[in-house]
Structures are given as C-alpha cells and as structure tokens.
Amino acid sequence: MSDNDLLARHRAVMPDWLSLYYEQPIEIVSGSGRHVTDADGNTYLDFFAGILTNAIGYDIPEISDAIRKQVDTGILHTSTLYLIRNQVELAERIASLSGMKNPKVFFTNSGTEANETALLLATQHRRSNQILALRNSYHGRSFAAMGVTGNRGWSASSLSPVKVSYVHGGYRYRSPFRDFSDADYIAACTDDLRQVIETTTSGDVACMIVEPIQGVGGFATPPDGLFAAFAEVLDEYGIPLISDEVQTGWGRTGEHFWGIQAHGVTPAAMTFAKGLANGMAIGGVVAEAELMDSLTANSISTFGGNPVATASARATLDYLLDHDLQSNAAKLGTRLLDGLRGHAQQCQLMGDVRGKGLMIGVELVEPGTDRPAAAAAGRVLELSKSRGLLIGKGGLYGNVLRLAPPMTLTEQEASEALQILTDSLSVAQQELYSRADHPNG
C-alpha cells in the first residue's frame with residue numbers, strides 16, 4: 001500500500017487537528033540505532049526520536065529483551081491494585097536519582113497525565129486552584145495541563161479547572177528583557193514573579209510549574225539560576241515548585257540528569273515521561289512524601305506503571321546509566337551547538353541557536369529582522385528530509401527547528417547531521433529570501 005493511500009485513509013478517519021509532518025507524510029516501518037526506514041525504503045538519520053521519546057534509539061537488544069521477557073510471562077497488565085515488582089524497583093531507582101529528601105513515585109501513561117497528577121497534588125495540598133506558570137510553556141493536552149500552557153497555539157479552550165497567572169522568564173529571545181545581562185535578566189523576571197503574585201493572586205497559590213527548557217515552545221532556554229531566584233520568592237509564600245522534566249529528564253541536557261539541576265534548586269515535585277521507556281508509554285511524578293500523600297480520596301492507575309512499560313523503563317534507565325549517555329549528550333551537543341552557531345554567522349535566517357546537550361533549538365527569522373520565519377522552518381524540514389535527516393519543529397510561531405536525536409548518537413552521525421542542516425538552511429535562505437527581495441539578507 002502506498003503512502004498516498006494510507007494518507008487518504010488517515011484523513012478520512014482521524015481528526016483534522018491531528019498534525020502530520022511533511023508535504024508527503026511518511027510511514028516509519030523499521031529502525032536500527034539512530035536510523036529509521038519508511039514504507040518506500042528510504043532511510044533517515046532520526047534527529048527527533050519520536051518527539052524525544054526513543055531516547056536510546058531503535059532495536060536495542062537490552063531493552064527489547066527485557067520487554068520480551070515480561071511478555072513471555074503472559075502478564076501484560078494487572079493494575080495498581082496488585083503489587084508489581086518492576087514498578088516498585090523502578091520507583092526505588094527514580095526516587096534515589098531525584099535528589100529529594102523523602103520522595104515517593106506515582107506512574108502514569110504520559111507526560112500530560114503526569115502534569116495533571118502534579119497539579120492535582122498541589123491544589124489539594126494547598127487547598128487552592130491558583131497556579132503560576134511561564135509564558136510560552138507547554139504542559140499537555142488534558143484540561144488542567146492545557147490550562148497551564150502559555151502558548152496559544154496549543155490552548156484549544158479557555159475553560160480550565162485552575163486559575164493561572166503567567167510570568168516572564170522561560171523564553172528569552174523575544175522577552176522585553178532579552179538584551180539584559182544574565183544577572184539583570186534573572187532580577188527582572190524575579191521582580192515580575194513577585195508582582196504577579198502580589199497583584200493577580202490571593203497569595204495562597206497552589207504551585208508554580210516550569211519547564212527547565214521549554215519543549216514545544218522551541219527549546220527556549222533561560223539562564224542558569226533563574227529558577228533558584230524564583231524559588232526564593234516562592235518560599236516566602238510557601239508555594240511549591242514543580243519541574244516539568246518530560247523533555248529535559250534522564251540526562252538529555254548533558255550537564256545534569258534533571259534539567260532543573262542547572263538552576264541549583266530541588267523542586268517539591270518533578271514530572272517525567274517520554275524517554276524513560278524508549279518508546280513504551282509511561283510517565284509519572286516523583287514528589288516529596290508530604291505532597292504526594294496529600295490526597296484524601298482513593299485513587300489508582302489502571303494502566304500506569306504496567307509490567308511491560310516498567311520492564312522497558314528499567315532496562316532503558318540501566319542502559320542510559322551504564323553507558324554514561326549523559327556525557328555523550330554533553331559532548332556531541334556542544335559540537336552541534338558550536339557548528340550551528342558558527343553557521344549562523346553567515347546565515348541570517350538563523351536568529352537564535354540555543355539549548356543544552358542533545359536538546360537544541362534554531363529559531364528562524366526573516367533575514368535582517370526578528371520577524372518569525374515559519375515558512376522557512378517548514379522548508380528546512382523538507383530539505384533535510386530529502387537529504388536523509390528527520391528533525392522537529394515548534395515554537396510559538398512555528399519557526400523553530402527542534403533537534404533531539406537519540407542519546408546514543410555517534411560523532412560521525414553528529415557531523416553528518418550538521419552538514420545536512422547547514423546545507424538545508426543555506427538553501428532555504430537562498431530560495432525564500434533572495435538578496436534582490438531582501439537587501440538586508
């Protein structure tokens with residue numbers, strides 16, 4: 001069956017709002033290492049990894065064997081009404097890695113559900129429905145998670161069970177404080193946080209939720225120390241800090257295991273998902289016991305932390321730690337960032353290159369301006385695909401290239417991807433912004 005036939009069937013039965021990449025969407029049918037192959041036999045170097053989820057790559061024997069071993073028992077599901085050894089052992093491992101004083105762990109099926117759980121815990125614990133969140137943020141597609149998402153492109157409804165106040169800080173490139181030094185930027189955003197608490201809330205706020213690096217928002221990266229400064233203000237009001245580590249967790253940022261650690265602060269809770277099980281559906285919350293145990297009604301998770309997903313997650317976490325993939329992310333991420341920033345000196349389409357480790361964003365602008373160039377981002381996706389590289393796209397205006405390959409990336413693959421990207425960026429600039437039309441380009 002051709003991709004065109006499958007695309008027609010997809011459009012007939014799937015929602016119109018379900019996005020697909022590329023003018024001719026592809027069906028990925030197999031994978032190995034950092035490469036995937038589509039239904040037509042084309043092979044690509046994958047630099048988006050199922051939206052950062054295939055963190056180790058494809059066809060990893062240690063992970064596949066762990067899944068098969070659990071499947072061979074005949075037990076794919078029992079629910080949290082029963083003891084699940086894989087779940088307990090995984091929770092113990094995550095608790096020990098959290099840096100918290102007395103952590104407990106609850107497993108869900110996704111990052112959205114993890115954030116929903118964290119918001120439930122905080123609002124119950126503080127007996128308040130007031131939430132602080134960042135502009136340009138994304139926390140999921142459920143009602144409360146969407147309610148704390150500060151990005152209009154992903155907020156399908158204004159209805160919400162929580163009352164949200166948004167503050168500056170996460171997205172520096174288009175901030176009114178963008179030209180400040182790091183210290184002055186942090187001070188300005190912290191002053192804004194205090195004013196927001198004092199003017200738009202009644203003081204008894206349930207929590208503040210932040211992404212250390214904003215994922216859907218285009219890998220926007222605030223200066224280190226911002227959230228430590230925020231935490232000092234939050235502590236004055238007894239407001240817990242929740243770190244959304246759905247995209248930044250498990251060492252992807254290179255320098256730290258959790259993204260929030262770059263800021264020198266330990267939050268009251270962290271949410272996680274995506275890369276933990278290398279493609280199996282899992283998410284969760286790790287939180288201080290006082291917060292986690294604050295629910296007064298019964299609760300379970302039918303599928304969260306099921307035996308197969310937690311077997312995969314245990315094997316993934318073991319592989320990640322045994323092979324020190326955090327260090328690999330730091331080393332190759334630096335190489336990619338340096339190469340892209342060097343190319344930005346001659347390619348005015350590139351307004352900003354940012355990120356940490358193997359979590360890199362390239363914001364595209366119309367040459368000579370800071371106007372978002374969404375069409376250029378789409379064109380670079382197509383050009384990269386035609387050259388054998390899959391990348392992602394995001395940002396408030398859809399103009400940011402998102403690069404997040406599996407953390408097992410090799411030096412040769414990093415060099416290959418860098419060459420494809422720089423070539424594609426140069427071609428896109430030439431095609432869309434010729435010097436005759438754009439004298440500043």
Side-chain angles (χ1 to χ4, degrees), residues 19-25 47-48 51 134-138 149-155 166 168-180 185 211 213-223 336-356 359-387 389-404 417-441:
S19 299
L20 287 169
Y21 273 172
Y22 306 116
E23 294 174 1
Q24 295 295 323
F47 251 57
F48 205 36
I51 320 179
L134 291 175
R135 300 181 183 196
N136 196 51
S137 59
Y138 175 83
T149 288
N151 183 322
R152 187 172 65 183
W154 293 92
S155 297
Y166 293 100
H168 286 288
Y171 183 26
R172 187 174 187 171
Y173 183 67
R174 297 188 184 278
S175 167
F177 315 129
R178 62 180 286 177
D179 295 324
F180 290 11
Y185 180 87
E211 298 165 277
I213 297 177
Q214 295 183 330
V216 170
F219 291 166
T221 308
L336 289 166
L337 281 165
D338 288 347
L340 288 165
R341 285 170 176 157
H343 190 65
Q345 300 301 312
Q346 63 192 56
C347 182
Q348 293 189 42
L349 183 61
M350 303 166 68
D352 190 33
V353 178
R354 57 188 180 239
K356 293 184 178 183
M359 191 173 182
I360 298 170
V362 182
E363 180 148 359
L364 305 187
V365 296
E366 295 181 6
T369 78
D370 63 0
R371 291 191 296 270
R379 184 59 183 144
V380 173
L381 251 67
E382 296 287 350
L383 290 166
S384 296
K385 172 176 168 283
S386 71
R387 289 163 166 78
L389 179 69
L390 303 183
I391 60 175
K393 182 166 66 76
L396 182 62
Y397 304 102
N399 66 318
V400 182
L401 308 178
R402 298 171 68 195
L403 314 176
L418 184 60
Q419 187 65 58
I420 292 173
L421 277 168
T422 53
D423 288 348
S424 298
L425 284 159
S426 294
V427 171
Q429 176 167 295
Q430 180 64 32
E431 286 182 352
L432 299 174
Y433 303 102
S434 68
R435 188 169 298 275
D437 295 332
H438 293 267
N440 292 325

>> Please check: side-chain N/O of Y173 versus main-chain N/O of D370, any donor-acceptor pairing under 3.5 Å?
In response: no
> Where is the tightest heavy-atom contact between T149 and W154, given as atom of each residue plus distance?
Replying inline: CG2-CB, 4.2 Å
> What is the minimum heavy-atom distance between Y166 and S137, and which atoms define it?
Replying inline: CE2-OG, 4.5 Å
>> Using a 3.5 Å distance criterion without hydrogens, assess whether the side chain of R341 forms a donor-acceptor pair with backbone atoms of V353.
In response: yes
> Pick from I391, L389, L401, L383: which one makes a side-chain contact (heavy atoms from CB on, under 4.5 Å) with S424?
Replying inline: L383
> What closest approach, in Å, do A220 and G170 show between heavy atoms, and which atom pair accounts for it?
Replying inline: CB-O, 3.5 Å
> Are the side chains of Q429 and P367 in touch, meaning some heavy atoms are under 4.5 Å apart?
Replying inline: yes
> When you measure from the side chain of R402 to the backbone N and O of G215, does any donor-acceptor pair fall under 3.5 Å?
Replying inline: yes
>> Could you go through H343 and D423, starting from their C-alpha distance and side-chain angles, then the distance that decides it, and tell me whether this counts as side chain to side chain contact (heavy atoms under 4.5 Å, CB included)?
In response: CA-CA 10 Å; H343 190 65; D423 288 348; over 6 Å; no
> Is the backbone of E366 close enough, under 3.5 Å, to the side chain of T369 for a donor and an acceptor to pair up by distance?
Replying inline: yes
>> Using a 3.5 Å distance criterion without hydrogens, assess whether the side chain of S175 forms a donor-acceptor pair with backbone atoms of Y171.
In response: no
> If only atom types and distance count, is the side chain of Y21 paired as donor or acceptor with the main-chain N or O of K393 below 3.5 Å?
Replying inline: yes
> What distance do K385 atom NZ and L390 atom CG have between them, rounded to the nearest 0.5 Å?
Replying inline: 8.5 Å
> Hey, is the main chain of G217 close enough, under 3.5 Å, to the side chain of N136 for a donor-acceptor pair?
Replying inline: yes
>> Just to verify, what does R354 make a side-chain hydrogen bond (donor to acceptor under 3.5 Å, both in side chains) with, not counting sequence neighbours?
In response: D352, E363
> Does the pair L336 and L403 meet the rule for a side chain to side chain contact (heavy atoms under 4.5 Å, CB included), with working shown?
Replying inline: CA-CA 10 Å; L336 289 166; L403 314 176; 5.9 Å; no
>> Please determine whether side chain to side chain contact (heavy atoms under 4.5 Å, CB included) holds for the pair S384 and L421, giving the CA-CA distance in whole Å, both sets of side-chain angles, and the decisive distance to 0.1 Å.
In response: CA-CA 6 Å; S384 296; L421 277 168; 4.0 Å; yes
> Hey, is the main chain of I420 close enough, under 3.5 Å, to the side chain of T422 for a donor-acceptor pair?
Replying inline: no
> Looking only at heavy atoms, what is the nearest atom pair of R135 and H168, with distance?
Replying inline: NH1-CE1, 3.1 Å
>> So, taking the atom named CG in L337 and the one named CD1 in I360, what distance separates them when rounded to the nearest 0.5 Å?
In response: 4.0 Å
> Does Q214 use its side chain to pair, donor to acceptor, with the backbone of G218 at less than 3.5 Å?
Replying inline: no
> Side-chain contact, heavy-atom cut-off 4.5 Å: L340 with L418?
Replying inline: yes
>> Test side chain to side chain contact (heavy atoms under 4.5 Å, CB included) on E211 and L134; report intermediate values, then the result.
In response: CA-CA 8 Å; E211 298 165 277; L134 291 175; 6.0 Å; no
>> Could you report the tightest heavy-atom contact between A373 and V365, atom names first, then the distance?
In response: CB-C, 3.6 Å
>> Can you tell me how far apart CD (E382) and CD (Q24) are? Round to the nearest 0.5 Å.
In response: 8.5 Å
> If you look at every heavy atom in A376 and L349, which pair is closest and at what distance?
Replying inline: CB-CD1, 3.6 Å
> If you draw the axis of the six-membered ring of Y185, does the NZ or CZ of R178 fall within 45° of it and under 6.0 Å from the ring centre?
Replying inline: no
